[in-house]
> 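Here you go, one structure.
Every number for a ligand or one of its atoms is a count from 1 in the order of the listing. The structure displayed is predicted, hence computed values, not measured ones. Because only heavy atoms are used, hydrogens play no part in the values below, and waters and symmetry mates are left out as well, while side chains stay in.
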Amino acid sequence: MPNPDPYDALLLLSFGGPEKPEDVVPFLENVTRGRGIPRERLEEVGQHYYLFGGKSPINDQNEALIAAIEADFAANGVDLPVYWGNRNWEPYLTDTVARMAADGVRRAVCVVTSAYSSWSSCRQYLDNLAAATDAVPEGHLAPRLDKVRPYYNHPGFVDAVVDGAAAALDDLPDEVRDAARLVFVTHSIPDAMNDDSGPDGGAYLAQHLDVADAVAARLRETTQVARPHELVFCSRSGSPRTPWLEPDVNDRLEELAREGVAAVVLIPVGFVSDHMEVVYDLDTEALATADRLGIPARRAASAGTHPRFVEAIRDLVLERAAAERGEPVERAAVGSRGPVHDCCPTGCCLGGGR
Ligand SMILES: CC1=C(CCC(=O)O)c2cc3nc(cc4[nH]c(cc5[nH]c(cc1n2)c(C)c5CCC(=O)O)c(CCC(=O)O)c4C)C(CCC(=O)O)=C3C
Ligand SMILES: [Fe+2]
């Protein structure tokens with residue numbers, strides 16, 4: 001039987017999103033508190049949510065992921081209850097951790113719906129865990145919360161991305177499929193945040209480039225067609241004077257149209273589920289850009305509840321449990337960078353967060 005000791009629960013930590021139109025403004029206030037996002041940008045992003053009835057898909061997607069994890073744990077003899085908390089919306093992480101304390105959870109392993117290193121995608125979640133532990137009401141012992149390593153290069157996550165991309169390629173018209181450009185997409189962050197990501201800097205960008213190479217190589221093998229690939233960015237915010245990672249997906253599509261590209265597959269490798277960044281920034285905006293430019297384009301599914309991703313979560317949990325018991329563990333990783341550390345050293349992913 002797999003051994004989850006010393007853990008007595010799994011905590012899924014996510015971003016959170018609004019459920020109804022009245023939630024949108026308070027949600028955006030939560031996200032951007034102290035982050036210096038211009039008012040016009042907030043109004044614009046609010047419109048993205050209103051276009052979808054004020055409801056982000058992310059909460060339903062997390063519920064589906066939890067159901068898939070519970071089924072996978074039950075089928076594989078992993079006896080851990082699953083809790084869920086968000087940074088920016090209900091169920092708030094602070095409330096969840098208080099409930100875990102009241103339930104007598106002493107130590108939980110934590111999986112975040114974010115696969116890469118950077119202040120936004122790793123350190124800020126660690127800070128959220130620490131703050132939620134500190135906020136446990138008097139009279140209860142706060143559980144210890146161990147976040148698993150950034151898993152962008154875990155073979156299960158990568159398999160899910162490969163499958164999504166292969167299905168999107170299949171869906172392109174026959175005559176352009178072989179000439180399609182593989183365009184990997186992730187969330188832009190400020191250059192300074194990338195410069196400060198990981199223990200040696202630049203990890204956010206380097207991790208994406210590495211996994212994009214790995215996915216493209218796998219697609220080359222499975223389809224027997226070599227296609228060029230590249231990484232682009234979406235969802236830039238902040239002040240226009242602050243440099244963020246570029247090119248923007250829409251700007252790049254303009255260039256690709258001028259270069260006469262035959263077709264494009266957008267692969268949202270930076271995202272774990274098809275949340276608002278995917279359904280608005282890619283499906284609504286970028287696919288409209290491609291359409292206007294006359295480029296046949298498809299958007300690949302993100303990992304979501306792909307069985308290989310769910311298995312990867314089980315593997316990450318059991319791997320960390322064994323490591324905490326002091327047993328030798330093999331940390332699965334594809335690409336050229338090796339597994340990311342279990343525990344971030346001081347100074348990892350600081351800065352850039354202002
Ligand atoms: C790296 C990264 C991820 C991926 C890792 C992860 O998943 O955590 C991510 C995910 C997400 N970002 C999301 C939403 C938003 N992000 C914003 C703003 C920002 N994101 C940033 C970075 C990231 N964000 C940054 C550097 C900012 C600027 C403010 C700051 O410096 O902190 C804003 C403010 C308005 C705007 O300016 O866009 C919103 C509304 C949602 C929810 C989607 C839904 O509702 O379905 C999700 C999953
Ligand atoms: Fe974001």
Side-chain angles (χ1 to χ4, degrees), residues 12-21 23-63 65 86-90 93 111-129 147 150-152 157 185-198 203-205 207-208 233-240 242-245 248 268-285 302-304 349 351-354:
L12 184 76
L13 170 56
S14 192
F15 196 94
E19 280 293 323
K20 51 187 187 302
D23 297 348
V24 171
V25 168
F27 162 75
L28 291 176
E29 283 167 352
N30 286 345
V31 176
T32 57
R33 190 163 293 129
R35 305 293 305 157
I37 304 297
R39 169 114 231 123
E40 311 80 74
R41 167 70 191 168
L42 279 189
E43 275 162 18
E44 186 191 317
V45 175
Q47 292 309 319
H48 303 175
Y49 285 93
Y50 295 130
L51 193 65
F52 287 83
K55 180 177 164 67
S56 159
I58 197 169
N59 299 325
D60 292 349
Q61 287 162 359
N62 282 322
E63 283 178 358
L65 180 59
N86 294 317
R87 175 194 291 161
N88 297 303
W89 202 250
E90 295 158 11
L93 178 67
V111 172
V112 177
T113 56
S114 165
Y116 298 82
S117 300
S118 82
W119 184 79
S120 271
S121 46
C122 184
R123 171 68 63 182
Q124 193 181 10
Y125 286 112
L126 288 172
D127 292 350
N128 299 146
L129 291 172
K147 176 184 169 303
Y151 50 77
Y152 76 96
F157 178 74
V185 192
T186 191
H187 204 299
S188 186
I189 57 173
D191 285 3
M193 194 185 285
N194 175 56
D195 293 345
D196 278 349
S197 62
Y204 184 80
L205 186 54
Q207 290 171 351
H208 280 91
F233 302 89
C234 66
S235 321
R236 183 205 205 282
S237 64
S239 155
T242 311
W244 285 53
L245 296 178
D248 174 77
V269 70
F271 302 116
V272 170
S273 74
D274 297 345
H275 50 57
M276 192 54 86
E277 267 59 13
V278 177
V279 298
Y280 185 83
D281 298 42
L282 300 185
D283 294 352
T284 308
E285 200 171 35
S302 54
C349 295
R354 279 159 296 166

> Indicate yes or no: does an N/O atom of Gln124 lie under 3.5 Å from an N/O atom of ligand 1?
no
> Side chains of Ser235 and Tyr280, heavy atoms from C-beta outward: is any pair under 4.5 Å?
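No; the side chains remain at least 4.5 Å from each other.
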> Starting at CG of Leu245, measure out to NE2 of His187 and round the result to the nearest 0.5 Å.
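It comes to 11.0 Å.
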> Is there a side-chain contact between Asn86 and Asn59 in this structure, where contact means two heavy atoms from C-beta onward sitting under 4.5 Å apart?
yes
> Going by the atom numbers of ligand 1, which of them fall below 4.0 Å from some non-hydrogen atom of Ile37?
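Result: 28 (C), 29 (C), 37 (O).
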> Test your reading of the model: is there a side-chain donor-acceptor pair from Tyr49 to the backbone of Val25, 3.5 Å cut-off?
no
> Short list, please: which atoms of ligand 1 are under 4.0 Å from a heavy atom of Leu28?
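Under 4.0 Å from Leu28, ligand 1 has these atoms: 40 (C).
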> Could you tell me, atom by atom, which parts of ligand 1 come under 4.0 Å of a heavy atom of Thr113?
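Near Thr113, meaning under 4.0 Å from one of its heavy atoms, ligand 1 has 7 (O).
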> Is there side-chain contact between His48 and Thr284, with heavy atoms separated by less than 4.5 Å?
no
> Any idea which part of Thr32 is under 4.0 Å from ligand 1, heavy-atom wise: side chain, backbone, both or neither?
side chain
> Between Tyr204, Trp119, Phe15, which one has a non-hydrogen atom sitting closest to atom 1 (C) of ligand 1?
Tyr204
> Regarding ligand 1, does Arg35 bring an N or O atom to under 3.5 Å of one of the ligand's N or O atoms?
yes
> Could you tell me whether Trp89 approaches ligand 1 through its side chain, its backbone, both or neither, with non-hydrogen atoms closer than 4.0 Å?
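Within the 4.0 Å criterion, Trp89 makes no contact with ligand 1.
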> Taking the side chain as every heavy atom from C-beta outward, state whether Ser14 and Ile58 have any pair of such atoms under 4.5 Å apart.
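Yes; the side chains approach each other to less than 4.5 Å.
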> Would you check if the side chain of Ser302 reaches a backbone N or O of Asp274 as a donor-acceptor pair within less than 3.5 Å?
yes
> Report yes or no: does Ser188 contribute a side-chain atom to a donor-acceptor pair with the main-chain N or O of Arg236 at less than 3.5 Å?
no
> Does one side chain, of Thr186 or Tyr116, offer a donor that lies under 3.5 Å from an acceptor on the other?
no
> Measuring from atom OG of Ser117 to atom CG of Asn194, what distance do you get when rounded to the nearest 0.5 angstrom?
10.5 Å
> Is there at least one pair of N or O atoms, one from Arg41 and one from ligand 1, spaced under 3.5 Å apart?
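Arg41 vs ligand 1: N/O contact under 3.5 Å present.
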> Just jot down the ligand 1 atoms closer than 4.0 angstrom to any heavy atom of Tyr49, in number order.
40 (C), 42 (C), 43 (C), 44 (C), 45 (O)
> Quick one: does ligand 1 sit under 4.0 Å from the side chain of Val112, the backbone, both or neither, non-hydrogen atoms only?
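No part of Val112 is near ligand 1 at this cut-off.
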> Measuring from non-hydrogen atoms of Phe52 to any atom of ligand 1, is the shortest distance under 4.0 Å?
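For ligand 1, residue contact (heavy atoms, under 4.0 Å) with Phe52 is absent.
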> Write down the atom of Arg35, the atom of Val31, and the distance for their closest heavy-atom approach.
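It is CG-O, 3.8 Å.
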> Quick one: are Leu93 and Tyr125 in side-chain contact, heavy atoms under 4.5 Å?
no
> Take the Fe ion (ligand 2) and tell me which protein N, O or S atoms are nearer than 2.8 Å.
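Under 2.8 Å from the Fe ion (ligand 2) - ignoring waters, which are not counted - the protein N, O or S atoms are His187 NE2.
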> Tell me whether Arg39 is salt-bridged to Glu43, with the criterion being a basic N under 4.0 Å from an acidic carboxylate O.
yes
> Identify, by atom number and element, the atoms of ligand 1 in contact range of Tyr125, meaning under 4.0 Å from any of its heavy atoms.
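So the answer, numbered in order with elements, is 6 (C), 7 (O), 8 (O).
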> Judging by distance only, is a nitrogen or oxygen of Met276 under 3.5 angstrom from one on ligand 1?
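The answer is yes, given that Met276 and ligand 1 share an N or O pair closer than 3.5 Å.
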> Out of Ser56, Pro57, Ser120, Gly34, indicate the one that has the non-hydrogen atom closest to atom 44 (C) of ligand 1.
Ser56
> Relative to the heavy atoms of Ile58, which atoms of ligand 1 are at a distance of less than 4.0 Å?
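Near Ile58, meaning under 4.0 Å from one of its heavy atoms, ligand 1 has 46 (O), 48 (C).
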> Counting from 1, what ligand 1 atoms have a heavy atom of Ile189 closer than 4.0 Å?
1 (C)
> Please enumerate all residues that pass salt bridge (charged side-chain N to carboxylate O under 4.0 Å, His left out) together with Glu44, with sequence neighbours excluded.
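So Glu44 forms a salt bridge (charged side-chain N to carboxylate O under 4.0 Å, His left out) with Arg41.
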> Out of His187, Met193, Arg87, who is nearest to atom 20 (N) of ligand 1 when you count heavy atoms only?
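The residue whose heavy atom sits nearest atom 20 (N) of ligand 1 is His187.
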> Report the distance from atom CZ of Phe27 to atom OG1 of Thr32, rounding to the nearest 0.5 Å.
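Those atoms lie 9.5 Å apart.
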> Near Val45, which atoms of ligand 1 are under 4.0 Å from a heavy atom of that residue?
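Going through ligand 1 atom by atom, the ones under 4.0 Å from Val45 are 35 (C), 36 (C), 38 (O), 40 (C).
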